Amino acid sequence: MIADIDAKLLLGTDQEERLAPLLTEVRRDPATLTRHVARAARVVGRGPGPYGHRVEDVARARLLLAACETLGPQAAADVVAEQYGSGDADERRAVLIALPALDAGPEGIGDAAVPVVLDALRTNDTRLVAAAMGPYAAEHLPDDAWRHGVLKCLFTGVPLAAVAHLEARRDAELDRMVRALADERRAAGRDVPDDATRLLAR
Amino acid sequence: MRIFDPHIHMTSRTTDDYEAMYAAGVRAVVEPAFWLGQPRTSVGSFVDYFDGLLGWERFRASQFGIAHHATIALNPKEANDPRCLGVLDVLPRYLEKDGVVAVGEIGFDSMTDAEETVMVRQLELAGEHDLPVMVHTPHRDKVAGTRRTLEIVQQVGLPPERVLVDHLNEKTVDLVDDAGCWAGFSVYPDTKMDEDRMVAILERRGLDRVLVNSAADWGRSDPLKTYRTGQAMLAGGYTDDDVDRVLWRNPVAFYGQSGRLLLDDGSLDATVGASAADFEGNTLQRGEPVGLA
């Protein structure tokens with residue numbers, strides 16, 4: 001179900017060489033996915049990657065895509081839920097990063113991974129909250145959940161630039177909520193987040 | 001003074017503790033999975049606890065500039081409850097994860113057959129997942145429990161340098177030293193060890209293969225006991241380098257055998273608390289303070 005790998009999900013040559021045998025193994029035996037995802041950072045690498053995402057995030061996302069590439073939408077969504085549920089925080093972030101690629105094309109997973117995004121938005125882990133508000137959330141989250149996701153970014157200090165398609169999805173209700181946050185902060189004598197001020201000025 | 005507390009239960013501690021620990025020089029901790037005071041009744045309760053150790057607690061520590069690692073196991077007390085034995089089936093998944101640096105705490109509580117069976121299986125799991133082991137010694141009948149623990153370790157065949165035997169005292173340290181395992185000491189306000197007795201043991205048996213921890217939890221305990229032991233060592237004539245060896249290099253050497261320590265002291269693969277995580281082209285520091293409003 002995956003046509004092309006987004007450029008953001010590519011790694012450097014050495015890292016791709018270390019990832020390749022893991023991808024082969026997961027395609028041959030999808031039951032090895034959980035183990036290879038857990039070990040991915042130790043095998044492929046860790047730290048900032050060449051095209052935006054971290055190396056370990058990309059490696060784990062690619063393994064998930066490999067496990068899903070011959071599956072239909074519902075079966076892929078089941079693998080996503082299983083992998084998210086069994087992962088630690090880093091592994092869960094990689095699942096979130098893989099969602100736009102899993103959603104691509106006519107055989108994409110559609111709304112089926114929304115519960116995973118909502119779970120991430122219930123945490124207070126900024127790494128998960130930021131990853132949850134990517135292009136998949138912009139496309140599939142219901143309005144109320146998406147607005148609260150944006151507000152949670154402002155509350156927890158996640159830069160609003162992490163919110164995909166913010167201007168396209170922004171509406172009067174979100175603006176009202178952000179204005180209310182700013183009013184509350186000013187009433188308490190606290191700083192209004194710069195991103196809130198900037199959003200309201202646009 | 002840079003401090004690595006090799007045994008502390010941070011889920012039971014406050015953010016004030018994290019701040020005080022950082023101020024005293026604590027930059028890394030290992031949090032062993034243990035009993036929660038209230039017995040658990042299902043495997044799901046353990047799964048959420050293990051996920052918390054590897055998820056929220058790790059993130060919480062990073063907010064205070066402290067690298068957090070965990071050891072994962074079914075503890076000896078709950079090994080006696082048949083409802084909890086399914087935990088052994090979920091352990092292999094956790095023992096592959098990045099933040100897990102040992103199998104632990106395993107060992108004896110009341111020295112039952114069930115405890116022994118579960119200990120043996122988890123020693124085998126340590127071998128299968130290439131991890132060191134952290135063994136708790138019982139509070140009651142400690143000498144007999146320590147002796148039996150060391151016999152079992154030898155029977156299973158784990159290399160002694162990959163085994164830490166913890167909560168030792170004057171009566172059990174020689175048994176562990178003779179076996180070639182690492183000796184762990186928990187320094188407490190009024191039980192287990194205190195700072196001055198700790199220094200006396202160090203003077204007698206030297207600084208090799210020894211770890212000092214606060215084992216702070218929800219009981220009466222003090223997360224700065226590592227720091228206070230360092231102060232007592234200096235007062236007793238030890239050098240700064242000796243203190244660094246006991247409170248930093250020794251725990252790094254023991255848990256480093258896992259290949260999974262993530263520290264930003266430059267000596268190991270650096271990630272936690274130091275480097276930038278990149279989200280959609282926007283740099284967000286790991287450990288950035290979170291408003292928990």
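Treat the numbers as computed from the prediction; the structure is a model and nothing was measured. Chain identifiers are assigned alphabetically (A, B, ...) following the order of the sequence lines, protein sequences preceding nucleic acid strands; residue numbering begins at 1 within each chain.
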Once ring pair (Phe, Tyr, Trp, His ring centres under 6.0 Å) is applied, do any residues pair with [X], and if so which ones, sequence neighbours excluded?
X: A/W146; value: none
X: B/Y255; value: none
X: A/Y136; value: A/H140

Counting heavy atoms not belonging to [X], are there more than 12 under 6.0 Å from its [atom1]?
X: A/D191; atom1: CG; answer: no
X: A/R190; atom1: CZ; answer: no
X: B/H129; atom1: NE2; answer: yes

Is B/D51 in contact with chain A via its backbone, its side chain, both, or neither, using a 4.5 Å heavy-atom distance?
side chain
At what distance, to the nearest 0.5 angstrom, does CG of A/D90 lie from CZ of B/R58?
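The distance works out to 6.0 Å.
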Check whether any side-chain heavy atom of A/R46 sits under 4.5 Å from a side-chain heavy atom of B/L262, and report yes or no.
yes
Identify the heavy atoms of B/W56 and A/D125 that sit nearest to each other, and give their distance.
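Distance-wise, the nearest heavy atoms are CZ3-N, 4.1 Å.
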So which heavy atom on B/K97 is nearest to which on A/R42, and how close?
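Taking B/K97 first and A/R42 second, the nearest heavy atoms are C-NH1, 3.6 Å.
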Sort by residue number and list every residue of residues 77-89 of chain A having at least one heavy atom under 4.5 Å from chain B.
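Listed by number: A/G85, A/S86, A/G87, A/D88, A/A89.
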